[in-house]
Amino acid sequence: MKRVSIFGATGSVGQSTLDLIGRGDYDVVALTGGHNVALLAADAIRLRADVAVTAYDDQLFTLREALAGTGIEAAAGTAALEEAADRPADWIMSAIVGVAGLAPGLRALRHGTTVALANKESLVCAGPLLMAEATRHGTTILPVDSEHSAVFQALAGEDIAAVEKVVITASGGGLRDMPLDKLAEATPDQAGTHPNWDMGQRITIDSASMFNKAMELIETKEFFGLNRSQIETIIHPQSLIHALVQFVDGAMMAHLGAPDMRHAIGYALNWPDRAALPVARLNLADIARLDFHAPDAARYPALALADFVMARGGLAGAAFNAAKEHALDLFIDRRIRFTDMAPLVERALDRLDGQGSLEAAMLTLDMVQDTDRLTRAIVQELAQTLRAA
Ligand code: NDP
C-alpha cells in the first residue's frame, strides 16, 4: 500500500488531495495543517493517519484533546513539520502555502521520497537547490500546479531539447474586467474572487494581480530548465487549456481539462500511470470557442518583475517571493492598495540588488530564509513611506 503524507492538508489543495486519497487504498503517514486544528484532527481520524502536526505550538493542546484516545500522535511547530517529512513515505504532497513549505519538502527529497509539489514558492525561492537535491537523492518532483502538470504531461516521452517554447495560460483573475483607473480601489474580497477556479484566498488574489502567473513563469524556468525566452503566458479567460508546448517542428501540444485541481493532483498521485478521476469531462461542442489575448503590461506589472527575477537568478526569487508575500499581507490587512503591491515589490528588489544582496553562486536553505526575513523588513519599511506620502 502506498504510504503518503500531506503537508498543508487543511488547505484547498490539501483537501482536494484528501478527497482522492479517501477514495483509494493508501497508508496515511502524516497530515499537517495550521490553525484549522478541528479539520486536521477529523481528517487524521477519518484516514487513520499515524501523526497529525499543526504548524503552531499554541494549537498543540487543542489538537491533543481532539485526538485523545485515537492512538494518533499529535505534534506542533516548525521542527515537528520537518520531522513529519522524516517519516518514511513513498509520496508526499507539498501544499503548505508560502515559503514555510520549502523546508519540509527539502527534507522529504533528502529521504528519497517522491514530492508532489503544489508549493510553487519552493521553486521560486530555491529552484536550483530543490532540483539538485532531487537529482542527488535519485527522486522525483511531480508538478501539481495545473499549468506545470499540463506541460509535464505534454512532455511525456518527448526530448526537452525539442521544445521551442512553453505557453502557460492565465485567466486574468477576478479583476480582469475592472477599468484600469479603478484597480487602486479594489478590495481584498473583490480580488479574492476567481472567475473559474476555487482556490485559497492568497493564490486567488495573486491571480488577480498576476503575481501568481509571475511565480509560475519562474517555476516553469526552474522546473523544466528552460531559458526565459522560451516561456510565455497568454490570457485564456475560460481556463480550459492549462498550457501548450511548441516543439521545434512547429507542432503544439495543448493540455485541456476542467478547472479542477484534482486532475493535476490525481495525475501526480497515480504517476507514472493514469487512473480514473472523479473530475468533470469537457464537452467541446458546448464550449464552442476558446479565447486568447496577450496580457496588458500596465494591468499586470508583476509579469515584468518575473522577467527581472529570471534574468537575475541567485536570491532574486527568494526576495521576490518574500516581497510579494509581505505586500499581499499588507493588502489583505487593507494597509496598502491593490496597485501598491507591484511597486513595493519592485522597490524592494531594486534596493536588495543595489546593495548586492541578490548575489548567490549556490543557494542554501539558510540563505533563502535570511533573504526572506531581510526582504520582509524592507517591504514593511517601504510601505510606511508609502503611507506617509
Ligand atoms: P490554502 O491557504 O488553502 O492552504 C494552505 C495550507 O497551509 C493549510 O493547510 C494551512 O493550514 C497551511 N499553512 C498555512 N501557513 C502555514 C505555515 N506557516 N506553516 C505550515 N502550514 C501552514 O492554500 P492552497 O491550498 O490554495 O495553496 C497551497 C499551495 O499550493 C500554495 O503554494 C499555492 O500557491 C499552491 N497552489 C494552489 C492551488 C489551488 O488551487 N489552491 C493551485 C496551484 C498551486 P490552516 O489552513 O490549517 O491554517
Side-chain angles (χ1 to χ4, degrees), residues 5-19 30-44 52-59 62-63 66 75-85 92-105 115-125 142-150 168 170-171 173 192 194 196-207 209 211-216 218-220 223 239 242-243 257-265 267-268 279 321-322 324-325 328-329 332 369 372 376:
S5 290
I6 320 302
F7 290 78
T10 50
S12 167
V13 172
Q15 288 292 295
S16 294
T17 309
L18 294 192
D19 175 71
L31 297 184
T32 87
H35 289 112
N36 200 344
V37 170
L39 181 61
L40 177 64
D43 282 336
V53 185
T54 161
Y56 307 110
D57 291 320
D58 61 1
Q59 302 288 329
T62 317
L63 183 61
T78 315
L81 277 182
E82 292 181 34
E83 279 157 27
I92 73 144
M93 167 56 75
S94 167
I96 288 174
V97 67
V99 70
L102 174 59
V115 173
L117 190 70
N119 178 263
K120 62 189 78 187
E121 296 86 348
S122 294
L123 274 173
V124 171
C125 294
L142 297 166
V144 171
D145 227 343
S146 57
E147 294 78 1
H148 305 81
S149 173
I168 59 172
S171 69
H194 200 281
N196 305 328
W197 292 89
D198 179 15
M199 309 185 287
Q201 183 200 34
R202 300 183 71 86
I203 187 173
T204 305
I205 298 176
D206 281 349
S207 295
S209 61
F211 265 112
N212 181 48
K213 209 50 55 180
M215 301 275 286
E216 289 176 5
I218 303 165
E219 198 184 351
T220 306
F223 189 85
S239 296
H242 305 310
D260 182 335
M261 280 306 291
R262 290 177 305 172
H263 178 85
I265 296 166
Y267 184 79
V279 298
N321 178 66
K324 188 269 308 175
E325 283 193 12
L328 178 59
D329 285 338
I332 290 172
Q369 289 172 338
D372 187 89
R376 284 170 198 267

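Start at 1 and go down the list; that is how both ligands and their atoms are numbered.
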| If you measure from the Lys or Arg side-chain nitrogens to the Asp or Glu carboxylate oxygens, is any gap between Arg376 and Asp372 under 4.0 Å? |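 Counted as a salt bridge, because a side-chain N and a carboxylate O are separated by less than 4.0 Å.
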
| message | Can you tell whether the side chains of Lys213 and Asp206 come within less than 4.0 Å, N to carboxylate O? | response |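 So Lys213 does not pair with Asp206 through a salt bridge.
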
Near [X], which atoms of ligand 1 are under 4.0 Å from a heavy atom of that residue?
| X | value |
| --- | --- |
| Gly8 | 6 (C), 7 (O), 9 (O) |
| Met261 | 40 (O), 42 (C), 43 (C) |
| Ala100 | 17 (C), 18 (N), 19 (N) |

| If you draw a 6.0 Å radius around CG in Asp198, do more than 12 non-hydrogen atoms from other residues or ligands fall strictly inside? |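 Count not over threshold, so no.
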
N or O contact, [X] vs ligand 1, cut-off under 3.5 Å:
| X | value |
| --- | --- |
| Gly11 | yes |
| Asn36 | yes |
| Thr10 | yes |

| Any heavy atom of Tyr56 sitting closer than 4.0 Å to ligand 1? |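 Within the 4.0 Å threshold, so yes.
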
| query | Heavy atom of Leu81 under 4.0 Å from ligand 1? | reply |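 Right, Leu81 reaches ligand 1.
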
Identify the closest protein heavy atom to [atom]: which residue and atom is it, and at what distance?
| atom | answer |
| --- | --- |
| atom 2 (O) of ligand 1 | Val97 CG1, 4.1 Å |
| atom 29 (C) of ligand 1 | Ile96 O, 3.7 Å |
| atom 26 (O) of ligand 1 | Gly200 N, 3.3 Å |
| atom 25 (O) of ligand 1 | Val13 N, 2.9 Å |
| atom 3 (O) of ligand 1 | Ser12 N, 2.8 Å |
| atom 48 (O) of ligand 1 | His35 N, 2.8 Å |
| atom 11 (O) of ligand 1 | Gly34 N, 2.9 Å |
| atom 34 (O) of ligand 1 | Lys120 CE, 3.2 Å |

Which one holds for [X] and ligand 1: side chain close, backbone close, both close, or neither close, with close meaning a heavy atom under 4.0 Å?
| X | answer |
| --- | --- |
| Glu121 | side chain |
| Ala118 | both |
| Met199 | both |
| Ile203 | side chain |
| Asp206 | neither |

What are the two closest non-hydrogen atoms of [X] and [Y], and how far apart are they?
| X | Y | value |
| --- | --- | --- |
| Asn321 | Val99 | ND2-CB, 3.9 Å |
| Gly34 | Gln59 | O-CG, 4.2 Å |
| Phe7 | Leu81 | CE2-O, 3.4 Å |

| task | Kindly identify the option in Asp145, Val37, Thr204 whose heavy atom sits closest to atom 43 (C) of ligand 1. | result |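 Nearest heavy atom to atom 43 (C) of ligand 1 lies in Asp145.
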
| message | Just to be sure I'm reading this right: ignoring hydrogens, which of Ala55, Gly14, Ala95 gets closest to atom 6 (C) of ligand 1? Compare them by their nearest heavy atoms. | response |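 Looking at heavy atoms only, the winner is Ala95.
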
| task | Apply side chain to side chain donor-acceptor pair (under 3.5 Å) to the pair Asn36 and Thr10, showing each step before the final yes or no. | result | CA-CA 7 Å; Asn36 200 344; Thr10 50; 5.5 Å; no

| field | Worked verdict on Thr17 versus Met261 for side chain to side chain contact (heavy atoms under 4.5 Å, CB included) | value | CA-CA 9 Å; Thr17 309; Met261 280 306 291; over 6 Å; no

| Test log, rule side chain to side chain contact (heavy atoms under 4.5 Å, CB included), inputs Lys120 and Asn212 | CA-CA 9 Å; Lys120 62 189 78 187; Asn212 181 48; 2.5 Å; yes

| request: First locate atom CD1 of Ile96, then atom CD1 of Ile6, and finally report the distance between them rounded to the nearest 0.5 Å. | output: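 Spacing of CD1 (Ile96) from CD1 (Ile6) equals 11.5 Å.
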
| So, His242 side chain and Gly257 main chain: donor-acceptor pair closer than 3.5 Å or not? |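 Pair found, side chain donor or acceptor close to backbone of Gly257.
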
| query | When you measure from the side chain of Arg202 to the backbone N and O of Glu325, does any donor-acceptor pair fall under 3.5 Å? | reply |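 The answer is yes, because a donor-acceptor pair under 3.5 Å joins these two groups.
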
| Can the ring centroids of His263 and Trp197 be said to lie less than 6.0 angstrom from one another? |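 Centroid distance His263-Trp197: not below 6.0 Å, so no.
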
| field | Distance-only donor-acceptor check, side chains Asn119 and Ser122, under 3.5 Å | value |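 Checked: Asn119/Ser122 side chains pair up, N/O donor to acceptor below 3.5 Å.
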
